[in-house]
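Report on the following structure.
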Amino acid sequence: MRTDLTVNGEQVTADVEPRVLLVDLLRETLGLTGTKVGCDTGQCGSCVVKLNNRTVKSCAVLAVQAQGSDVVSVEGVNPPDQALNPIQQALRDAHGTQCGFCTPGMVISLMELLEVNPKPDEQEIRTWLTGNLCRCTGYNPVVRAVLDLVNGAQTPEEATR
């Protein structure tokens, strides 16, 4: 089936089998390997992308369901003039990543959180991330990164206090 969609601001047309998942279209057809496949069951959150400005687990969406949609993967979150967006930079500064496997899904999820509430508290951040499994960080540096970002920490020293 032919699927037309916008991915990270670019018009894309792909011929896909009806059973192909959005995550597979992104990774295998388009070469956007930042979106990870962790569990294939929608449990881990490594495959989270934005679909029409809402976060979804792309392993639970068929590519043909995204017909005519706007998709943003982790490759599409950076400002054109920067290597990292503010969430990515905050995670880096606060050592909020270790193996990095969960990071793309967390970045996308945290972007939505900050759109919904630009000043979340610790409990709201932790609740928001319940759909994103991380086996390395224990979530503490991730939460610290978001709190530092929303509270204006400017230096790596401030971000890791």
Side-chain angles (χ1 to χ4, degrees), residues 1-94 96-120 124-125 128-134 137 142 145-150 152-154 159:
M1 295 183 75
R2 180 183 162 135
T3 301
D4 297 302
L5 58 156
T6 303
V7 178
N8 300 329
E10 303 283 328
Q11 278 298 123
V12 172
T13 299
D15 290 318
V16 296
E17 294 291 323
R19 67 179 181 271
V20 170
L21 298 171
L22 180 57
V23 68
D24 295 324
L25 172 69
L26 294 170
R27 291 181 56 80
E28 295 172 19
T29 304
L30 302 179
L32 299 172
T33 57
T35 302
K36 304 301 182 204
V37 178
C39 65
D40 278 329
T41 62
Q43 302 294 316
C44 75
S46 295
C47 68
V48 170
V49 298
K50 288 188 108 179
L51 178 66
N52 295 327
N53 215 29
R54 298 285 314 236
T55 56
V56 299
K57 294 179 178 179
S58 61
C59 74
V61 176
L62 295 171
V64 295
Q65 290 176 296
Q67 169 65 32
S69 297
D70 182 44
V71 176
V72 177
S73 70
V74 71
E75 290 91 347
V77 302
N78 300 359
D81 60 339
Q82 294 179 304
L84 300 174
N85 78 12
I87 294 169
Q88 292 169 314
Q89 187 64 52
L91 288 168
R92 179 179 178 220
D93 292 345
T97 64
Q98 286 185 21
C99 81
F101 200 80
C102 67
T103 304
M106 281 204 187
V107 167
I108 300 288
S109 293
L110 291 169
M111 286 175 61
E112 185 176 56
L113 168 61
L114 296 180
E115 289 167 6
V116 170
N117 180 2
K119 288 282 200 180
E124 186 174 5
I125 297 165
W128 198 271
L129 290 175
T130 57
N132 297 85
L133 298 181
C134 177
T137 68
V142 174
V146 177
L147 290 172
D148 287 342
L149 177 64
V150 301
Q154 298 298 313

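- Judged by distance alone, the side chains of Glu75 and Ser73 do bring a donor and an acceptor atom under 3.5 Å apart.
- Contact detail for Val49 and Ile108: the closest heavy-atom pair is C-CG2, 3.7 Å.
- Distance OG1/Thr13 to CZ/Arg2: 4.5 Å, rounded to 0.5 Å.
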Q: Let me see the working for Asp93 and Asp148 under side chain to side chain contact (heavy atoms under 4.5 Å, CB included), right down to the final yes or no.
A: CA-CA 10 Å; Asp93 292 345; Asp148 287 342; over 6 Å; no
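- Put simply, NZ on Lys119 and CG on Asn117 are 10.0 Å apart, with the number rounded to the nearest 0.5 Å.
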Q: Please assess Val12 against Leu25 for the test side chain to side chain contact (heavy atoms under 4.5 Å, CB included), listing each intermediate value before the final yes or no.
A: CA-CA 11 Å; Val12 172; Leu25 172 69; 5.7 Å; no
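- Put simply, CG on Leu5 and CG on Leu22 are 7.5 Å apart, with the number rounded to the nearest 0.5 Å.
- Here the shortest heavy-atom pairing between Ser58 and Cys47 reads OG-O, 2.7 Å.
- Side-chain contact between Pro120 and Leu114 is present, with at least one heavy-atom pair separated by less than 4.5 Å.
- Closest non-hydrogen pair, Ala145 versus Ala90, comes out as CB-O, 3.4 Å.
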Donor-acceptor pairs under 3.5 angstrom involving side-chain atoms of residues 26-35: please list them, not counting sequence neighbours.
from  : atom 1 : to    : atom 2 : distance (Å)
Arg27 : NH1    : Thr33 : O      : 2.8
Arg27 : NH1    : Thr35 : O      : 2.7

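- For the atom pair CG of Asp24 and CZ of Arg19, the computed distance is 10.5 Å after rounding to the nearest 0.5 Å.
- Applying the salt bridge (Lys or Arg N to Asp or Glu O under 4.0 Å) test to residues at least two apart or on different chains, the pairs with a partner in residues 45-74 are Lys50-Glu115, Arg54-Glu112.
- In this structure, CG on Leu147 lies 4.0 Å from CD1 on Ile125, to the nearest 0.5 angstrom.
- Smallest separation of non-hydrogen atoms from Gln67 and Asp4: OE1-N, 2.8 Å.
- Counting heavy atoms from C-beta on, the side chains of Asn8 and Val71 never come closer than 4.5 Å.
- Listed here is the closest heavy atom pair of Ser109 and Trp128: O-NE1, 2.9 Å.
- Looking only at distances, a side-chain donor or acceptor of Asn78 sits under 3.5 Å from a matching main-chain atom of Ala83.
- Taking every heavy atom of both residues into account, Cys59 and Val23 meet most closely at CA-CG1, 3.9 Å.
- For the atom pair CG of Leu110 and CD of Gln88, the computed distance is 11.0 Å after rounding to the nearest 0.5 Å.
- Contact check for Val72 versus Met111: no side-chain heavy atoms found under the 4.5 Å cut-off.
- The main-chain N or O of Asn52 is never found under 3.5 Å from a side-chain atom of Ser69 such that the two would form a donor-acceptor pair.
- Annotation: side chain to side chain donor-acceptor pair (under 3.5 Å) contacts involving residues 96-106, sequence neighbours excluded, are absent.
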